[in-house]
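Data first, discussion second: the structure below is written as structure tokens.
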Amino acid sequence: MNSTPSTVAVLGGGAAGFFGAIACAEANPRLTVYLLEKTSKLLSKVRVSGGGRCNVTHACDSPTQLAQHYPRGSKPLKEAFRQFGATDTVRWFADRGVALKTEPDGRMFPTTDSSETIAQCLLDAAHRAGVKILTNTAVEIVQPLPNGGFRLHLTGAHAQEMHVDRLLIATGGAPKSESYQWLRTLGHTIAEPVPSLFTFNVPESPLRELPGVSVPNARVRVAGEKLEYEGPVLVTHWGVSGPAVLKLSAWGARRLHELQYQSTALVSWVPAHTEESLRQWLQEFRAQNGRKVVMSNPLFGLPQRLWRTLTEQASIGAELRWSELPAKAQNKLIESLLRTALPVRGKTTFKEEFVTCGGVVLGEINMQTMESRRVPGLYFAGEVLDIDGITGGFNFQAAWTTGYLAGRAMAGNHLPFNN
């Protein structure tokens, strides 16, 4: 096959597909680049992400540091991020008139706080680069040809047989294993898909009367497992959510699936303390504040409603003072502060949080170019790969990076990787 193909097709009208198509068309204007989307909607995940604000990436200069936020794909991504990382993403959008801002937790959003800004930027860039976008067009069959290239059988609005020299698959993650069967047919191995980034359902929660209560820093641990994460926790009508829970679910996606989402989550509301240090701290507090009523004076900056529930569970009466607190009640309070037990009985996945753990195994991909090691001329980008990050803009960054590298590589083998 020539190093400069004449026709390229990209399957999937999401973040990775658009980035790949744009990178390819901009790098080699002589190419004909098609972007094929089976639905009528383009960039749908971009539009709903971050509550409609679009968490584009994360402020992270170091490729090594950036790669640490991926439960699957961390090591192979490190080299890819050296070629196109978070700072490159910021520059890419800035060059096209979209400024990003950094929030205190490192997440980066468009200064407009509107995901439409990002979607429109990508659409405009694709049109300027000459990408031919075909919506309502599904690819029924992908047939590698003996002398290189592919025959695509398209159905829908643009039903036809299309011959392309190179093909980028950026069709996103899928929750069902059978959705990947066509990629197995092409010769690729699939890591079985399971959900990642989900909240915990706790129907018998001791906190069920506290929906809406949030704690900025707590530690959530799965009893009997080496799974824990520290961060904000939100009590919900159905259980617990918040970044700590979502990130824990990402790191534990496969193990929690094996457990059929039945476990006990232990929440420490005072993660800075061990049992010994907490007991010592309370002894000193009691000595100086014996006349204070326990229930009506929350400690550690905890919300009043949460503190009241924890003290009630420790059988501490509404008028009881610290000086009168029995040792048994104090022990119960310490246990609740360090290990509130939540019997998890299932999960809830929201559309904007939905991420799949699983996909095309990375050992079969050249992570410098995103080309298949099994099928020459076939490339992959985005969540169709066995890559997933925690919340905070990391999944979009993986889409931008893999899409960019694939697009540049498809445009010609000898192009420098820079903006």
From Arg128 CZ over to Leu123 CG, what is the distance, rounded to the nearest 0.5 angstrom?
11.0 Å
Measure the spacing between CG of Leu256 and NZ of Lys347 and express it to the nearest 0.5 Å.
10.5 Å
Within 6.0 Å of CD in Glu258, more than 12 heavy atoms from elsewhere:
yes
Looking only at the side chains, is there a donor atom on one of Thr348 and Asn201 sitting less than 3.5 Å from an acceptor on the other?
yes
Basic-acidic side-chain contact under 4.0 Å: Glu275, Arg279
yes
Indicate yes or no: at least one non-hydrogen side-chain atom of Ser177 is less than 4.5 angstrom from one of Arg184.
yes
Would you say Thr402's side chain and Gly382's backbone share a donor-acceptor pair under 3.5 angstrom?
yes
If we ignore hydrogens and angles and just use 3.5 Å, is the side chain of Gln65 paired with the main-chain N or O of Cys60 as donor and acceptor?
no
Do the ring planes of His273 and Trp281 sit parallel (below 30°), tilted (30 to 60°) or perpendicular (above 60°)?
perpendicular
Starting at CZ of Phe394, measure out to OH of Tyr70 and round the result to the nearest 0.5 Å.
6.5 Å
Over 12 non-hydrogen atoms of neighbours within 6.0 angstrom of CD in Gln283:
yes
Counting only N and O atoms by type, is there a donor-acceptor contact under 3.5 Å from the side chain of Arg321 to the main-chain atoms of Arg291?
yes
Under 3.5 Å donor-acceptor, Arg286 side chain and Glu324 backbone
no
Distance flag, aromatic centroids of Phe84 and Trp400, threshold under 6.0 Å
no
Spell out, as yes or no, whether a donor-acceptor pair under 3.5 Å connects the side chain of Glu116 to the backbone of Arg47.
no
Would you mind reporting whether Leu282 and Trp322 have side-chain heavy atoms less than 4.5 Å apart?
yes
Can you tell me how far the CG atom of Leu11 sits from the OG1 atom of Thr137, to the nearest 0.5 Å?
11.0 Å
Over all atoms of both residues, closest heavy-atom pair of Thr39 and Thr135:
O-CB, 3.6 Å
How close do Asn28 and Ala411 get, counting heavy atoms only, and between which atoms?
ND2-O, 2.9 Å
Ring-ring centroid check Trp92 Tyr404, cutoff 6.0 Å
no
Who are the ring-ring contact (aromatic ring centres under 6.0 Å, His included) partners of Phe380, not counting sequence neighbours?
His188
If you measure from CG on Leu207 to CG on Leu342, what distance do you get to the nearest 0.5 Å?
5.5 Å
Counting heavy atoms not belonging to Gln262, are there more than 12 under 6.0 Å from its CD?
yes
Short question: side chain of Arg255, backbone of Gly252 - any donor-acceptor pair under 3.5 Å?
no
Partner set under ring-ring contact (aromatic ring centres under 6.0 Å, His included) for Phe200, not counting sequence neighbours:
none
Would the distance check show the side chain of Gln304 and the main-chain N or O of Met295 forming a donor-acceptor pair, the cut-off being under 3.5 Å?
yes
Main-chain N/O of Ser263 paired with Arg345 side-chain donor or acceptor, under 3.5 Å
yes
What is the distance from atom CG of Leu210 to atom OG1 of Thr309, rounded to the nearest 0.5 Å?
4.0 Å
In terms of side-chain geometry, is the basic nitrogen of Arg254 or Glu225 positioned less than 4.0 Å from the acidic oxygen of its partner?
no
Using the rule given for side-chain hydrogen bond (donor to acceptor under 3.5 Å, both in side chains), can you reason through Glu284 versus Gln280, listing the C-alpha separation, both sets of side-chain angles and the distance that settles it, and then say yes or no?
CA-CA 6 Å; Glu284 294 171 5; Gln280 179 66 34; 3.0 Å; yes
For Arg308, look at atom CZ and say whether over 12 heavy atoms of other residues, nucleotides or ligands are found less than 6.0 Å away.
no
For the pair Gln313 and Glu335, evaluate side-chain hydrogen bond (donor to acceptor under 3.5 Å, both in side chains) and give the outcome as yes or no after the intermediate values.
CA-CA 10 Å; Gln313 289 169 358; Glu335 182 66 18; over 6 Å; no
What are the two closest non-hydrogen atoms of Ser336 and Trp269, and how far apart are they?
O-CD1, 3.4 Å
Within 45° of the ring axis of Tyr229 and under 6.0 Å from its six-membered ring centre, is that where the NZ or CZ of Lys247 lies?
no
Quick one: do the Glu383 and Thr356 side chains pair a donor with an acceptor below 3.5 Å?
no
With a 3.5 Å cut-off and no angle check, do the side chains of Gln83 and Glu79 form a donor-acceptor pair?
no
Scanning both residues in full, the closest heavy-atom pair of Ala265 with Val344 reads CB-CG2, 3.8 Å
Nearest atoms (heavy-atom pairs only) where Met410 meets Leu168
CE-CB, 3.6 Å
